[in-house]
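This report refers to the structure that appears directly beneath it.
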Amino acid sequence: MNNQNIAQTFAILQENKKQWQDSTLESLEKNPFFILVGCILSLRTKDQMTRQVAERLFKIIRSPQQLLSYSEDDIAQLIYPVGFYRRKAKNLIDISKILIIKYQSQVPSTLEELLELPGVGRKTANLVLTVGFGKPGICVDTHVHRIVNRWGYVKTKTPEQTEMALRDKLPQEFWIPINSLLVLFGQNICLPRRPRCGNCSIENFCDQVGIEKRETQTK
DNA sequence: AAAACGGGGGC
DNA sequence: GCCCCAGTTTT
């Protein structure tokens, strides 16, 4: 995989995307606060579980002020099924306080400011930046990290290294769509353990054609 | 029984 | 770098 066929790959994935159900974070209102809260809920959590909790939560909480009208225990109980509920509840409360005091109840729109918020790392900060604000950025989660390495487009060990490598190599027009495309591609086709190479539409561009057979054998 | 889930923080 | 987090689903 190189920059010659990356454009073609993206075009094909764009087309495939129409037949996949939107992921939860993509289906949220493009409101930075919702993206931020949704992102916190989704950490190490199945998309389906995030969706259930997020839908319930956003019916009653639409702003940092509303979030603070609940106690930490209340929030924890509301988001219980996503796991890590105690840490996430505390982070949501602490973040809301910071937004109100320091940012006039708004979500900050720079990477540096976002990274200072408790429980916000590079993946969350970049998703808020790109999806919430439409600013350039590269959001690397486990799907993006796994897939671009399978492609052989980059060879990196950590998601952060992947982000930096993509920042160098990937033409900027693909920065924002890469996450929304590869998350769905990763959930539907290029699965972590048993990728469905038989159903893959971009196998020609992948360094690991037929990886499904090997992964199935060894595990 | 284990591994995995759209990570992040503490050490 | 390594390890934990917590509950649920998948293998």
Side-chain angles (χ1 to χ4, degrees), chain A residues 13 16-17 20-30 32 34-57 72-73 75-95 98 111-132 137-150 156-164 166 175-196 211-219:
Chain A
L13 290 179
N16 288 351
K17 187 180 175 186
W20 296 326
Q21 188 193 22
D22 272 350
S23 66
T24 299
L25 294 179
E26 284 288 319
S27 67
L28 295 177
E29 257 176 64
K30 299 295 182 279
F34 280 20
I35 306 284
L36 179 55
V37 174
C39 240
I40 299 284
L41 296 178
S42 78
L43 297 182
R44 292 304 284 177
T45 302
K46 284 238 197 271
D47 193 58
Q48 192 53 38
M49 198 58 67
T50 306
R51 188 182 301 266
Q52 290 176 21
V53 170
E55 281 177 2
R56 216 170 56 209
L57 190 70
E72 200 171 309
D73 285 344
I75 300 291
Q77 194 158 359
L78 279 167
I79 67 173
Y80 185 77
V82 297
F84 299 92
Y85 54 88
R86 207 183 316 183
R87 180 194 302 180
K88 290 175 182 177
K90 180 177 187 341
N91 284 340
L92 289 176
I93 298 267
D94 291 346
I95 287 174
I98 294 174
L111 187 64
E112 293 72 23
E113 291 169 319
L114 286 165
L115 287 173
E116 284 176 11
L117 301 174
V120 175
R122 302 197 68 84
K123 178 252 174 175
T124 301
N126 273 303
L127 196 76
V128 172
L129 210 60
T130 54
V131 177
I138 299 177
C139 177
V140 176
D141 54 41
T142 52
H143 292 296
V144 175
H145 178 61
R146 176 181 73 256
I147 293 167
V148 294
N149 271 285
R150 274 185 184 162
T156 49
K157 296 191 66 176
T158 68
E160 183 171 354
Q161 289 170 17
T162 301
E163 185 193 328
M164 298 314 167
L166 291 177
W175 283 17
I176 292 184
I178 194 173
N179 185 259
S180 65
L181 290 179
L182 293 199
V183 165
L184 290 179
F185 180 56
Q187 287 171 350
N188 290 285
I189 306 290
C190 202
L191 308 180
R193 310 190 67 187
R194 292 185 174 192
R196 298 171 178 156
I211 186 182
E212 63 184 341
K213 301 190 182 81
R214 275 168 286 167
E215 300 251 333
T216 307
Q217 268 179 4
T218 53
K219 302 285 175 190

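Chain A is the first sequence line, chain B the second, and so forth, proteins listed ahead of strands; every chain is numbered from 1. Below, each value reflects all heavy atoms present in this structure, side chains not excepted, and no hydrogens, waters or symmetry copies.
- Taking atom CG on A/Asp94 and atom P on B/dG8, their separation rounds to 17 Å, with Å as the unit.
- Rounded to an integer number of Å, the gap from NZ of A/Lys88 to C1' of C/dC4 is 14 Å.
- Residue A/Lys123 contributes atom NZ, which lies 7 Å from atom C1' of B/dG7 at whole-angstrom precision.
- When heavy atoms are screened at a 4.0 angstrom cut-off, A/Val120 is found touching the sugar-phosphate backbone but no base atom.
- Between the side chain of A/Asn179 and the base of B/dG6, a donor-acceptor pair under 3.5 Å is found.
- In this structure, A/Leu36 places its CG atom 19 Å from P of B/dG6, rounding to the nearest Å.
- Judged by Watson-Crick or G-U wobble contacts below 3.5 Å, the nucleotide B/dG6 has no partner.
- Using atom C1' as the reference point in both B/dA2 and C/dA6, the two lie 15 Å apart (nearest Å).
- Within 6.0 Å of CD on A/Glu72 lie more than 12 heavy atoms contributed by other residues, nucleotides or ligands.
- Among the nucleotides C/dA6, B/dG6, B/dA4, the one closest to any side-chain atom of A/Pro192 is B/dA4.
- At the phosphate of B/dG7, OP1 or OP2 sits under 4.0 Å from a side-chain N or O atom of A/Thr142.
- When the nearest nucleotides of DNA chain B are assigned to A/Asn91 and A/Ser23 by heavy-atom distance, the more 5′-ward of the two goes with A/Ser23.
- Counting only N and O atoms by type, the side chains of A/Thr156 and A/Thr162 include a donor and acceptor under 3.5 Å apart.
- Counting to the nearest Å, the C1' atom of B/dA4 and the CG atom of A/Asp47 are 14 Å from each other.
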For nucleotides 8-11 of chain C, list the nitrogen or oxygen atoms of the protein found under 3.5 Å from its nitrogen or oxygen atoms, one pair per line.
none

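- Across all strands, A/Gln187 comes closer than 4.0 Å to base atoms (heavy-atom distances).
- Rounded to whole angstrom, the span from the CD atom of A/Gln21 across to the P atom of B/dG6 amounts to 13 Å.
- At least one donor-acceptor pair under 3.5 Å links the side chain of A/Arg56 to the backbone N or O of A/Leu78.
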Self-check item: side-chain contact (heavy atoms from CB on, under 4.5 Å) evaluation trace for A/Leu117 with A/Leu36
Solution: CA-CA 10 Å; A/Leu117 301 174; A/Leu36 179 55; 4.2 Å; yes
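- Per the geometry, CZ belonging to A/Arg146 stands 10 Å off C1' belonging to B/dG6, to the nearest Å.
- Backbone-only engagement by A/Gly121 is indicated by non-hydrogen atom pairs under 4.0 Å involving sugar-phosphate atoms exclusively.
- Proximity of a side-chain donor or acceptor of A/Lys88 to a complementary backbone N or O of A/Leu43 within less than 3.5 Å is detected.
- Judged purely by atom type and a 3.5 angstrom limit, A/Asp141 uses its side chain to pair as donor or acceptor with the backbone of A/Val144.
- When the P atom is used for both C/dG1 and B/dG6, the distance is 24 Å, rounded to whole Å.
- Remark: side-chain polar atoms of A/Thr130 are not paired, donor with acceptor, to backbone N or O of A/Ile176 under 3.5 angstrom.
- Rounded to a whole Å, the CZ atom of A/Arg87 is 7 Å from the C1' atom of C/dC4.
- In this structure, A/Thr124 reaches the sugar-phosphate backbone alone: every heavy-atom distance under 4.0 Å involves primed, P, OP1 or OP2 atoms, never a base.
- A/Leu182 comes within 4.0 angstrom of nothing in the nucleic acid, heavy atoms only.
- Side-chain atoms of A/Arg86 lie closest to C/dA6 of the nucleotides B/dG6, C/dG1, C/dA6.
- Here B/dG6 is the nucleotide among C/dG1, B/dG6, C/dC5 with the atom lying nearest to any side-chain atom of A/Leu127.
- Within 6.0 Å of CZ on A/Arg146 lie more than 12 heavy atoms contributed by other residues, nucleotides or ligands.
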